[in-house]
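Residue numbers run from 1 in the order of the sequence given.
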Amino acid sequence: MESKIQVLSTVRIKHSSDLYKIVDSLNRTLKKQDLMFGLALDENDQETAVFTIYRT
């Protein structure tokens, strides 16, 4: 069975050390609704975080 992951939204925001807590909470809470959340630092600007919402 092939699993497709669809990007629903991507937002760039100012990086904060606690952002991962929000992403972790969203992933734990909304996993059963086939949603997944990601957080990464922008490759060109380490002060900017990239928050992405996926449908799994």
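Partners of R12 under the salt bridge (charged side-chain N to carboxylate O under 4.0 Å, His left out) rule, at least two apart in sequence or in another chain, are D42. In terms of the side-chain contact (heavy atoms from CB on, under 4.5 Å) criterion, S17 has no residue partners (sequence neighbours excluded). Evaluation of the side-chain contact (heavy atoms from CB on, under 4.5 Å) rule for E47 yields D45 as partners, not counting sequence neighbours.
Annotation: side chain of I13 is not in contact with side chain of T48 (no heavy-atom distance under 4.5 Å).
A continuous path of hydrophobic side-chain contacts links V11 to L39 [ILVMFWY only; heavy atoms under 4.5 Å]. Follow the hydrophobic side-chain contacts under 4.5 Å out from I5 and you never reach I53; the two are in separate clusters. Taking hydrophobic clusters as Ile, Leu, Val, Met, Phe, Trp and Tyr residues chained together by side-chain heavy-atom distances below 4.5 Å, L8 does not share a cluster with Y54.
To the nearest 0.5 Å, the span separating NE2 on H15 from CZ on F51 amounts to 13.5 Å.
Membership of an apolar cluster is not assigned to V50, as no side-chain contact below 4.5 Å to another ILVMFWY residue is traced.
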Let me check something: any side-chain donor-acceptor pairs from residues 21-38 under 3.5 Å, sequence neighbours excluded? List them with distances.
from	atom 1	to	atom 2	distance (Å)
K21	NZ	D18	OD1	3.4
D24	OD1	R28	NE	3.2
D24	OD2	R28	NE	2.9
N27	OD1	F37	N	2.7
N27	ND2	V23	O	3.3
N27	ND2	F37	O	3.0
T29	OG1	S25	O	2.8

